[in-house]
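Read through the structure below, which is laid out as structure tokens, and then see the notes.
Order of appearance sets the numbers: ligands from 1, and atoms from 1 within every ligand. These numbers were taken from a predicted model, which means no experiment stands behind them.
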Amino acid sequence: MTLRNGKPNLYEHAMETFHRAAALIGMNPRVRLELEEPDFEHIFYVTIETRDRLVPLSHEEQAAVRDLAPSSVKAADALEPLANGQFVLHRRALLEADVQMRRGVINIPQQGFFRLEKGGPRKFKAYRIQHNQVRGPYKGGIRYHRDVSLDLFKTLAADMTWKTAIAEIPYGGAKGGIKIDPFNYSREEIEHLSLRYVYKFKKFMGPFLDIPAPDVGTNGEIMAYMMRQFTDGEREHHKMRGVVTGKDVRIGGSEGRLKATGQGAVYCIEEWARGRGFDLRGARVIVQGFGNVGSAVAEILDTMGARIVAVNDVNGTVHRDAGLDVPALVAHVHRNPANLRRSVLGFKGGTPISKQDFWSVDADICIPAALGEEITGDVAERLRVKLVAEGANGPTTRDGDRVLAARKIDLIPDIICNAGGVTVSYYEWLQNQRLEHWSEAEVNGRLEQAIKKNYAIIRDIAADRPQRTPLHDSRPYCVGRPVDVRTAAMVLALRRIEAHYLLEGFSQ
Ligand code: NAD
């Protein structure tokens with residue numbers, strides 16, 4: 001391992017599990033080299049024209065313009081609010097408006113004083129890391145977030161290679177996105193950015209080449225823009241719907257995809273509970289992140305009778321010892337246009353607590369479903385749970401892992417726990433190839449079987465319990481001694497990936 005300043009970087013850190021599992025199974029050295037670094041690292045730039053903005057004046061600045069007459073803006077919906085307090089000024093706002101402006105400042109009743117800032121061209125850094133494709137086309141999410149980097153995308157792309165192998169779907173691994181805070185841009189700007197991303201990357205994408213999906217900061221709407229940009233003008237464009245997954249069901253998306261990652265996590269949790277003789281009805285759960293994954297997992301567990309006692313997101317935490325009203329929280333976060341950051345903050349049905357206190361809420365299950373490296377050694381010391389089920393990618397640090405193991409807190413590792421999303425993405429892709437539409441019951445039935453089977457194999461590898469049941473056969477995967485469950489998941493992935501190299505050989 002090459003160390004920078006004597007410390008491993010994020011990618012090298014994440015690859016420690018890979019190297020441990022590779023050594024354990026005596027992986028062929030050439031296969032190990034093939035998997036150690038990504039196939040391709042694409043870094044490029046996308047430009048868009050940003051719209052004019054209304055930027056709120058500070059208190060001091062307001063003093064000089066307090067006598068400025070208010071302007072009347074009739075098409076009020078043409079002022080698009082952003083999470084940073086600014087408004088995007090769409091030109092139709094000026095139609096029939098009575099505008100009073102002084103040195104670029106405008107007074108909008110009920111909103112305040114704003115400085116008009118001219119939009120213009122802006123450049124954003126974009127990435128797509130294609131880690132490996134020996135088992136099938138590159139596959140992985142697109143993230144729009146301000147804290148992204150080459151190292152992060154390399155880590156997440158490699159995770160996808162392991163995850164698609166564990167889920168037994170014929171894909172490789174990739175990940176990418178754009179360095180941006182999407183909450184500070186208008187829908188139209190995000191649309192243009194997404195179109196531009198595909199315009200630049202089109203030659204490396206395709207239903208049999210590289211298939212993006214939603215991740216943090218992206219959703220079905222963005223997948224629709226990407227599909228349109230990729231297929232527009234193509235002769236047989238209906239055949240290409242599988243170029244992205246996670247689409248709206250009305251345009252070729254799959255039933256069950258929206259909740260699939262959360263549903264897959266719940267199938268794992270059910271199996272864990274069955275193994276421990278633990279009743280999920282009445283179980284106390286804390287969830288970090290209330291986006292696609294966190295809210296789905298909370299909704300499903302809530303309908304199963306568990307109690308979601310605390311939810312933390314980037315802006316705050318809500319807590320209710322008797323259990324939060326999950327449908328009301330979902331409405332507050334996801335169906336409330338005034339909640340610009342889609343945050344649990346301000347939810348009336350719970351008490352705000354600090355993030356520090358969130359981690360020590362007395363519960364049975366902790367589900368991190370936000371970003372990486374949240375469960376550090378310190379946080380793991382504070383947790384008062386029996387299980388950590390990793391909905392997010394890479395939420396637990398190495399120190400966190402060590403503390404969880406020492407404290408005998410069980411773990412369901414990310415590469416199986418959140419594999420439900422990519423599994424149903426595969427079902428979506430299959431439906432697109434066949435121009436079919438499956439029912440939600442069919443999708444969930446297949447998903448349940450796939451997740452439970454592969455999780456059972458992982459648990460057997462961990463316990464060194466080779467066996468064959470009607471559901472699964474763990475005999476080819478066990479390594480002759482018990483291993484921790486994260487290593488066990490990696491062993492399953494590597495054995496399946498290695499088989500391709502060994503059986504197909506290498507073109508020289
Ligand atoms: P999302 O953008 O829908 O939601 C992210 C959530 O995390 C938001 O609630 C946000 O407030 C919260 N968050 C962000 N930074 C935080 C911080 N520092 N502290 C606390 N909360 C924070 O994203 P998502 O699609 O739900 O993805 C969540 C995680 O699950 C990511 O790690 C992602 O890679 C992983 N994942 C997603 C899918 C999928 O299908 N969407 C599949 C597999 C894995």
Side-chain angles (χ1 to χ4, degrees), residues 14 83 139-148 152-153 155-157 159-160 162-164 166-167 173-177 180-183 212-223 244-247 253-254 256-265 268 286-299 310-318 329-330 332-334 339-345 347 354-356 358-359 366-376 379 389-396 413-426 428 447 451:
K139 181 85 190 91
I142 297 281
R143 182 174 291 197
Y144 289 178
H145 195 267
R146 55 175 193 271
D147 300 322
V148 296
L152 175 71
F153 282 130
T155 304
L156 295 172
D159 278 346
M160 289 306 298
W162 324 137
K163 203 179 297 181
T164 50
I166 286 174
K175 203 85 169 192
I180 183 176
D181 183 346
F183 293 109
D215 189 68
V216 175
T218 59
N219 53 27
E221 208 171 301
I222 290 172
M223 293 307 114
V244 291
T245 59
K247 304 179 288 287
S254 177
R257 174 62 184 90
L258 202 58
K259 290 197 175 169
T261 308
Q263 184 65 68
C268 291
I286 60 173
V287 181
Q288 185 192 41
F290 208 67
N292 175 291
V293 180
S295 62
V297 103
E299 275 186 292
V311 176
N312 164 260
D313 71 17
V314 68
N315 301 296
T317 309
V318 285
L329 186 59
V330 169
H332 170 79
V333 175
H334 294 290
N339 190 346
L340 294 173
R341 282 213 172 259
R342 278 173 238 128
S343 171
V344 300
L345 201 69
F347 180 61
S354 70
K355 186 166 178 176
Q356 181 110 339
F358 165 78
W359 293 119
C366 167
I367 305 175
L371 299 186
E373 304 198 290
E374 282 288 315
I375 304 187
T376 57
V379 167
E390 295 184 327
N393 284 311
T396 312
D414 50 3
I415 51 180
I416 177 69
C417 193
N418 67 34
V422 74
T423 305
V424 176
S425 276
Y426 168 58
E428 175 176 336
L447 176 66
I451 294 287

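Looking at residues two or more places apart in sequence or on another chain, you find no salt bridge (Lys or Arg N to Asp or Glu O under 4.0 Å) involving Arg257. Evaluation of the salt bridge (Lys or Arg N to Asp or Glu O under 4.0 Å) rule for Lys175 yields Asp215 as partners, not counting sequence neighbours. Annotation: side-chain contact (heavy atoms from CB on, under 4.5 Å) contacts of Asp313 (sequence neighbours excluded): Asn315, Ser343, Val344.
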Distances for all N or O pairs of ligand 1 and the protein under 3.5 Å?
unit_1: ligand 1; atom_1: 2 (O); unit_2: Gly217; atom_2: N; d: 3.0
unit_1: ligand 1; atom_1: 3 (O); unit_2: Asn292; atom_2: N; d: 2.9
unit_1: ligand 1; atom_1: 9 (O); unit_2: Phe290; atom_2: N; d: 2.8
unit_1: ligand 1; atom_1: 9 (O); unit_2: Gly291; atom_2: N; d: 3.4
unit_1: ligand 1; atom_1: 11 (O); unit_2: Val314; atom_2: N; d: 3.3
unit_1: ligand 1; atom_1: 19 (N); unit_2: Lys355; atom_2: NZ; d: 3.2
unit_1: ligand 1; atom_1: 21 (N); unit_2: Val314; atom_2: N; d: 3.1
unit_1: ligand 1; atom_1: 26 (O); unit_2: Asn292; atom_2: N; d: 3.1
unit_1: ligand 1; atom_1: 26 (O); unit_2: Val293; atom_2: N; d: 2.9
unit_1: ligand 1; atom_1: 32 (O); unit_2: Ala370; atom_2: O; d: 2.7
unit_1: ligand 1; atom_1: 32 (O); unit_2: Asn393; atom_2: N; d: 3.1
unit_1: ligand 1; atom_1: 34 (O); unit_2: Arg143; atom_2: NH2; d: 3.0
unit_1: ligand 1; atom_1: 34 (O); unit_2: Asp215; atom_2: OD1; d: 2.7
unit_1: ligand 1; atom_1: 34 (O); unit_2: Asn393; atom_2: ND2; d: 2.8
unit_1: ligand 1; atom_1: 40 (O); unit_2: Arg257; atom_2: NH1; d: 3.4
unit_1: ligand 1; atom_1: 40 (O); unit_2: Arg257; atom_2: NH2; d: 3.4
unit_1: ligand 1; atom_1: 40 (O); unit_2: Thr261; atom_2: OG1; d: 2.8

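Counting only heavy atoms from C-beta outward, the side chains of Leu152 and Glu373 never approach each other to under 4.5 Å.
The structure places NZ of Lys163 at 3.5 Å from CG of Asn418, a figure rounded to the nearest 0.5 Å.
A donor-acceptor contact closer than 3.5 angstrom is absent between the side chains of Asn219 and Asn292.
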